[in-house]
Amino acid sequence: MNPSVEILFQDTIKKYGQGITPGEILKESPLTNRSEIVAAELNGKQIDLYAPITESGELRFVSVNTPKGVEILRHSTAHIMAQAVKEIFPDVKVTIGPAIQEGFYYDFDSPRPFTPEDLEKIENRMKEIIKSKLPFRKVVLPREEAIRYFQELGENYKVELIEGIDADEVSLYSQGDFTDLCRGPHIPGSGAVKAFKLTKVAGAYWRGDERNQMLQRIYGTSFPSKEELKLYLELLEEAKRRDHRKLGKELDLFSISEEAGPGMVIWHPKGAMLRYLIEEFERKEHLKRGYQMVVGPQILKRELWEKSGHFDHYRENMYFTTVDDIDYGIKPMNCLSHMIIYKSRIRSYRDLPIRYFELGTVHRHEKSGVLHGLLRVRQFTQDDAHILCSPDQLNDEILGIINFVKDVMAIFGFEYTMELSTRPEKSIGSDEDWERATSALETALKTLDCAYEVNEGDGAFYGPKIDIKLRDALARSWQCATIQCDFTLPERFGLTYVDSDGSRKRPVMIHRVILGAVERFLGVLIEHYSGAFPLWLSPVQVIALTITDRTDSYAREISEKLRDHEIRVEEDLRNEKIGFKIREARNLKIPYMVILGDKELETRSIAVRKRGQESTITVGLEEFIDSLNQEIRMRSF
RNA sequence: GCCCACGUAGCUCAGUAGGUAGAGCACUUCCUUGGUAAGGAAGAGGUUCACCGGUUCGAUCCCGGUCGUGGGCUCCA
C-alpha cells in the first residue's frame with residue numbers, strides 16, 4: 001500500500017504522499033498571507049514548515065501576526081543571537097534562550113561580561129546572518145548521541161539540560177554552523193526576521209537559583225515589521241516619560257534620600273497631600289463597609305513575634321531594637337495588635353464578623369538590590385484589614401472584599417487581573433480548612449463573574465489567597481490587592497468565639513489589602529495618570545496667574561474665596577510674563593489655571609484655562625466653584 | 001544578597017592623554033508691567049567632582065574598598 005496521509009485544511013480533506021511538508025501544502029494553498037506564515041499546527045501540535053508529515057490530521061498555519069507566531073519568531077531570533085555570540089566569542093557557553101512577553105533573552109556563560117559595544121557587534125553579526133537567509137534545520141537524535149555531541153563541543157549546560165529530559169530522543173535545530181538543543185518549532189529561515197533589537201545585558205542565575213553560577217543574559221526583541229518595532233520602542237520611551245521616579249521629582253512629590261536611608265520615602269508637601277487624599281478616601285470607604293478603625297504600636301516585644309511565628313519565618317526581613325534590656329521587633333505587618341484587640345474580651349458569634357482596619361506603617365528589610373522607587377521600599381503603609389469571622393461567613397466576607405476591590409479600581413480607572421493561589425506542598429492546617437477557604441475564594445470569584453487564573457501550589461503556607469494585579473497605562477502589571485485566608489494565627493493566639501450552643505469555636509482570619517501599600521499604589525497611580533491627576537486627587541487644583549501686579553490683590557481675593565470652599569489653590573504673583581507662568585503651570589499639570597488681568601478685574605470675572613485645553617473661558621467665580629465641586633464629587637478624570 | 005553600568009552645582013548634563021571644573025534651568029538683585037508654552041542684564045552657588053584608602057611631584061580622571069542609584073536575577077509573609 002502506498003503510504004499516504006489525509007490532511008484536513010480549510011474544510012477540505014486532501015490526500016498527500018507521506019513526507020509532504022506543510023511548506024509544500026502552503027505553496028499551493030490559496031492563502032493570501034503566505035509570507036506571514038512561520039510554522040504550522042498539525043492536530044493542534046506546532047510543527048515546522050519543513051517537517052515531513054507522517055500522520056493524517058487537521059492542518060493550520062501559524063501567522064507571525066498572531067501571539068503564537070510572534071513567539072516562534074522571537075525564539076528563533078534568540079537562536080540567531082546565540083549563533084552570532086558563538087561566532088564572535090567562541091569561548092562562550094550557551095545555556096537557554098526562550099521567548100518572553102515582550103521579546104526574548106539568551107543566557108550565556110561568558111568568561112567576561114558583555115559590554116554595550118559587544119551588543120552592537122552582536123547585532124551587526126545578526127544582521128548579516130539574517131541577510132544570508134540561512135535555513136533552519138531540525139535533526140532528531142537519540143538522547144545519548146545528543147549528549148555526546150554537546151559534550152564534544154564542551155557545552156556542559158546543554159548536556160545538563162538533556163540529562164534532565166525524560167525522553168529517548170531530543171530535537172536539535174541548526175542554522176549555518178550553529179546547532180542548539182530545542183523543542184521548536186522555528187521559522188523556516190533566518191530571513192524571516194524582519195525587525196529586531198538587542199535591548200540590554202543583565203546578570204541571571206543558571207536555572208534561576210541564586211546558589212548557581214551567574215550567567216550573562218542578553219535581552220532583545222523581535223517584531224514582524226519595522227513599524228511594530230518602532231511602536232514598541234516608542235512605548236518604552238513613553239514609559240520613561242511616565243516613570244514615577246522622574247515625575248516624582250518634576251512634580252516635587254517625594255524624594256528618597258541617601259542621607260535618610262535607602263528604601264525610605266520622604267514625602268514633600270504635594271506628595272504628602274496626595275497621600276492624605278488617598279488615605280481620607282480609604283477611611284471613608286472602609287467605614288461605609290462596616291470596618292472599624294484601629295491603631296497599633298510600631299514596635300512590639302520580641303516574644304510576641306516568636307509566638308506568631310514571624311521570628312522563625314521572617315526574622316531576616318525584620319528590624320529589631322532593644323530598650324531597657326527588652327527586645328522589640330519593629331512590625332513588618334499589622335496583624336498582631338489586631339489580634340490583641342480581638343482577644344481583649346470574650347467574643348460571641350453575634351459579634352462576628354469583626355473587621356479591623358488600619359493604615360498601618362510597616363518596616364521590612366528588603367534586599368538592597370530589589371528596592372525600586374515607590375514600588376519596592378523598606379517602610380510603607382498598608383491599607384490593612386483583618387477580618388475575623390466564622391467559617392460559614394467566609395463566603396460573604398470574601399465576596400464583599402472582591403466587590404470592594406472592584407469598586408475602588410473602577411474609580412481610578414484601572415484594569416486588573418486576578419489570580420487564585422492554592423495549597424503549596426509545605427503548608428499547615430487541615431484538609432477541611434484548606435478546602436473550605438479555597439472554595440470560598442473560588443465561589444466568590446465565580447459569583448462575581450471574575451476572570452481569574454489559578455496558580456496551583458502558590459498559596460501562602462498558612463492559607464490560600466487571591467492576588468489582584470493592576471494593569472497600568474502601559475499594560476504592565478503590579479500586584480496591589482491581596483486577600484489571604486489564615487488558619488495559623490487564630491490557632492497560635494488561641495482566638496475563639498462563643499457559638500450559639502455555648503461552645504468555643506475558632507474564627508477564621510482574613511488578611512486583606514485593597515490598594516496594597518499606599519507608596520506602591522501611588523507609584524503606579526502617578527504612572528497611570530502620567531502625573532496629571534484627576535481634580536479630586538490633584539495636590540494643587542487651581543493656580544491663579546496674574547498678568548501684571550495691578551491684579552495681585554484681586555488674585556489674593558479670588559484664591560482666598562476658593563480656599564474658603566476647600567479648593568486647593570496656589571497663586572503665581574511673580575514678576576514674569578503670562579506665557580511663562582502658563583508654561584510652568586502646564587508642566588506641573590495643574591488642572592485649572594485662573595488668569596487674572598485688568599479685564600477680569602474690571603468685570604469681576606475670571607478667565608479659566610482647563611488642563612489640556614488651549615483656550616480660556618470667562619466665568620464668574622461662583623459658577624467656577626460650582627463646576628469644580630461637581631467635578632470633585634464625580635471623581636471624574 | 002548576586003551580575004553589570006553609573007555617581008561632577010538644587011535639577012539635567014558637559015569636561016579633563018592625571019596639572020585643584022563648565023553650560024542650561026532653578027536661585028538672588030536690577031531693568032521690564034508684558035494677555036495665553038521660556039523678556040533682558042548682572043550675581044551668587046561645587047567645604048573641589050559620593051565616601052575612604054592606594055599609586056603619583058600632583059587624582060575628579062588610574063587602582064582597591066565602601067555606600068548609593070539604575071537595569072536584571074533571586075526574593076516578595
Side-chain angles (χ1 to χ4, degrees), chain A residues 100 105 107 109-110 112-116 118-119 199-219 240 243 245-246 249-250 252 255-263 305 308-318 331-335 362 364-373 375-378 380 382 424 458-463 465 467 479 482 484 486 488-489 511 516-517 520 545-552 573-587 593-600 607-609 613-616:
Chain A
I100 51 173
Y105 68 78
D107 286 345
D109 185 1
S110 170
R112 64 171 189 89
F114 296 115
T115 64
D118 292 339
L119 277 198
T199 47
K200 56 198 165 203
V201 266
Y205 300 107
W206 167 237
R207 298 201 145 166
D209 189 326
E210 65 179 318
R211 287 164 303 195
N212 284 345
Q213 169 82 21
M214 176 69 73
L215 306 170
Q216 296 290 314
R217 174 172 297 180
I218 303 180
Y219 283 92
K240 267 189 211 159
D243 191 315
R245 292 165 300 185
K246 183 167 146 36
K249 209 178 275 176
E250 287 172 5
D252 198 17
S255 60
I256 294 172
S257 147
E258 197 174 324
E259 267 180 297
W305 297 110
S308 70
H310 287 95
F311 191 78
D312 284 342
H313 293 281
Y314 202 61
R315 190 178 0 178
E316 256 105 81
N317 284 300
M318 285 178 69
K331 67 172 174 177
M333 10 206 113
N334 304 299
C335 25
V362 297
R364 296 184 186 174
H365 183 257
E366 303 289 351
K367 287 181 182 175
S368 62
V370 305
L371 301 174
H372 179 96
L375 301 177
R376 196 78 185 272
V377 293
R378 285 181 171 160
F380 56 97
Q382 296 178 300
D458 218 22
F461 75 88
Y462 52 72
K465 60 175 183 171
D467 291 326
Q479 149 122 37
T482 168
Q484 309 183 347
D486 187 349
T488 337
L489 285 176
H511 309 248
R520 174 177 290 186
L545 311 179
T546 50
I547 291 172
T548 72
D549 54 17
R550 286 191 298 278
T551 47
D552 280 4
L573 309 182
R574 290 177 301 170
N575 179 12
E576 297 289 352
K577 295 202 165 151
I578 191 66
F580 181 82
K581 294 185 183 182
I582 286 171
R583 181 186 141 83
E584 289 211 336
R586 281 183 61 136
N587 289 343
M593 296 178 216
V594 166
I595 294 154
L596 303 166
D598 292 336
K599 265 192 293 184
E600 287 75 22
V608 176
R609 180 169 166 153
Q613 288 178 3
E614 300 281 310
S615 56
T616 56

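Letters A, B, ... are given to chains in the order of the sequence lines, protein chains preceding strands, and every chain is numbered from 1.
With a cut-off of 3.5 Å on both pairing distances, the Watson-Crick and G-U wobble pairs of RNA chain B assemble into stems of 3 or more at B:1-7 with B:67-73, B:10-13 with B:22-25, B:27-31 with B:39-43, B:50-54 with B:62-66.
Side-chain proximity of A:Ala202 to B:G72, B:G1, B:C76: nearest is B:G72.
The ring-ring contact (aromatic ring centres under 6.0 Å, His included) check on A:His310 picks up A:Trp305, with sequence neighbours excluded. Considering only residues two or more places apart in sequence or on other chains, A:Tyr205 meets the side-chain contact (heavy atoms from CB on, under 4.5 Å) condition with A:Glu210, A:Met214. Under the side-chain contact (heavy atoms from CB on, under 4.5 Å) criterion, A:Asp252 pairs with A:His268, not counting sequence neighbours. For A:Arg550, the salt bridge (Lys or Arg N to Asp or Glu O under 4.0 Å) partners are A:Asp598, not counting sequence neighbours. In this view, A:Gln382 and A:Asn334, A:Val362, A:Arg364, A:Phe380, A:Asp384, A:Val513 satisfy the side-chain contact (heavy atoms from CB on, under 4.5 Å) rule, not counting sequence neighbours. The salt bridge (Lys or Arg N to Asp or Glu O under 4.0 Å) check on A:Arg315 picks up nothing, with sequence neighbours excluded. With sequence neighbours excluded, the residues satisfying side-chain contact (heavy atoms from CB on, under 4.5 Å) with A:Glu600 are A:Tyr554, A:Leu596, A:Ser605, A:Ala607. Taking the side chain to side chain donor-acceptor pair (under 3.5 Å) definition, one finds that A:Glu576 meets it with nothing, sequence neighbours left out.
Contacts of A:Met214 with the nucleic acid, taken as non-hydrogen atoms under 4.0 Å apart, include base atoms. The residue A:Gln216 sits close only to the backbone: its heavy atoms come under 4.0 Å of sugar-phosphate atoms, none of a base. Counting non-hydrogen atoms under 4.0 angstrom, A:Gly208 reaches the backbone sugars and phosphates but no base.
In terms of phosphate contacts, A:Lys367 brings no side-chain nitrogen or oxygen within less than 4.0 Å of OP1 or OP2 of B:C75. Put simply, A:Tyr219 has a side-chain N or O that comes within less than 4.0 Å of OP1 or OP2 on B:C73.
Straight-line distance between the C1' atoms of B:G54 and B:G72: roughly 32 Å, to the nearest whole Å. Taking atom C1' in both B:G15 and B:G1, one finds a spacing of 36 Å when rounded to whole Å. Comparing the C1' positions of B:G71 and B:G64 gives a spacing of 25 Å, expressed to the nearest Å. Taking atom C1' in both B:C6 and B:C13, the straight-line distance is 14 Å, to the nearest Å. Taking the P atoms as reference points, B:C49 lies 23 Å from B:A5, given to the whole Å. Nucleotides B:G22 and B:G34 are separated by 40 Å at their P atoms, to the nearest Å. For B:G70 and B:G46, the C1' atoms lie 24 Å apart once the distance is rounded to whole Å. Straight-line distance between the C1' atoms of B:A26 and B:G43: roughly 14 Å, to the nearest whole Å.
Between the CD atom of A:Glu210 and the C1' atom of B:G1 there is a distance of 6 Å, given to the nearest Å. Atom C1' of nucleotide B:C2 and atom CH2 of A:Trp206 are separated by 18 Å, given to the nearest angstrom. Note: CZ (A:Arg376) to P (B:G71) measures 13 Å, nearest angstrom. Look at CG on A:Leu375: it is 15 Å from C1' on B:G71, rounded to the nearest Å. Following rounding to the nearest Å, A:Asn212 (CG) and B:C3 (C1') show an atom-to-atom distance of 14 Å. Regarding A:Glu366, its CD atom lies at a distance of 13 Å from the P atom of B:C75, rounded to whole Å. Computed from coordinates, the A:His365 NE2 to B:G1 P distance equals 7 Å when rounded to whole Å. Whole-Å rounding puts the A:Asp109 CG to B:C4 C1' distance at 15 Å.
Looking at A:Tyr205, its side chain comes within 3.5 Å of the base of B:G1 through a donor and an acceptor atom. Judged by distance alone, with hydrogens and angles left aside, A:Arg207 brings no side-chain donor or acceptor close enough to the base of B:C73 to form a pair under 3.5 Å.
Between the A:Asp118 side chain and the A:Thr115 main chain, a donor and an acceptor come within less than 3.5 Å of each other. Looking only at distances, no side-chain donor or acceptor of A:Lys240 sits under 3.5 Å from a matching main-chain atom of A:Lys246. Here the side chain of A:Arg376 pairs no donor or acceptor atom with the backbone of A:Leu371 at under 3.5 angstrom.
With RNA chain B read from its 5' end, the first of the two nearest nucleotides for A:Asn587 and A:Glu584 is the one closest to A:Glu584.
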Letter per nucleotide, 5' to 3', of nucleotides 65-70 of chain B [B base touched, S only sugar-phosphate touched, - untouched; heavy atoms, 4.0 Å]: ---SSS
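The shortest non-hydrogen separation linking A:Arg609 to A:Ile595 is CB-CD1, 4.3 Å. The shortest non-hydrogen separation linking A:Gly459 to A:Pro424 is O-CG, 3.4 Å.
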Pairs under 3.5 Å (N/O, protein and nucleotides 34-36 of chain B):
{"residue": "B:G34", "atom": "N7", "partner": "A:Ile547", "partner atom": "O", "Å": "2.5"}
{"residue": "B:G34", "atom": "O6", "partner": "A:Ile547", "partner atom": "O", "Å": "3.3"}
{"residue": "B:G34", "atom": "N1", "partner": "A:Asn575", "partner atom": "OD1", "Å": "3.1"}
{"residue": "B:G34", "atom": "N2", "partner": "A:Asn575", "partner atom": "OD1", "Å": "3.2"}
{"residue": "B:G35", "atom": "O6", "partner": "A:Asp598", "partner atom": "N", "Å": "3.3"}
{"residue": "B:G35", "atom": "O6", "partner": "A:Lys599", "partner atom": "N", "Å": "2.9"}
{"residue": "B:G35", "atom": "N1", "partner": "A:Glu600", "partner atom": "OE1", "Å": "2.9"}
{"residue": "B:G35", "atom": "N1", "partner": "A:Glu600", "partner atom": "OE2", "Å": "3.3"}
{"residue": "B:G35", "atom": "N2", "partner": "A:Glu600", "partner atom": "OE2", "Å": "3.0"}
{"residue": "B:U36", "atom": "O2'", "partner": "A:Arg609", "partner atom": "NH1", "Å": "3.1"}
{"residue": "B:U36", "atom": "O2", "partner": "A:Arg609", "partner atom": "NH1", "Å": "2.7"}

N/O-N/O pairs, protein side and nucleotides 9-14 of chain B side, under 3.5 Å:
{"residue": "B:U12", "atom": "OP1", "partner": "A:Lys249", "partner atom": "NZ", "Å": "3.0"}

Side chain to side chain contact (heavy atoms under 4.5 Å, CB included) assessment of A:Val201 paired with A:Ile218: CA-CA 5 Å; A:Val201 266; A:Ile218 303 180; 3.8 Å; yes
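Proximity of the aromatic rings of A:His313 and A:Tyr462 is defined here by a centroid distance below 6.0 angstrom, and this criterion is not met.
Between A:Arg245 and A:Asp243 there is a salt bridge, since a side-chain N of the basic residue sits under 4.0 Å from a carboxylate O of the acidic one.
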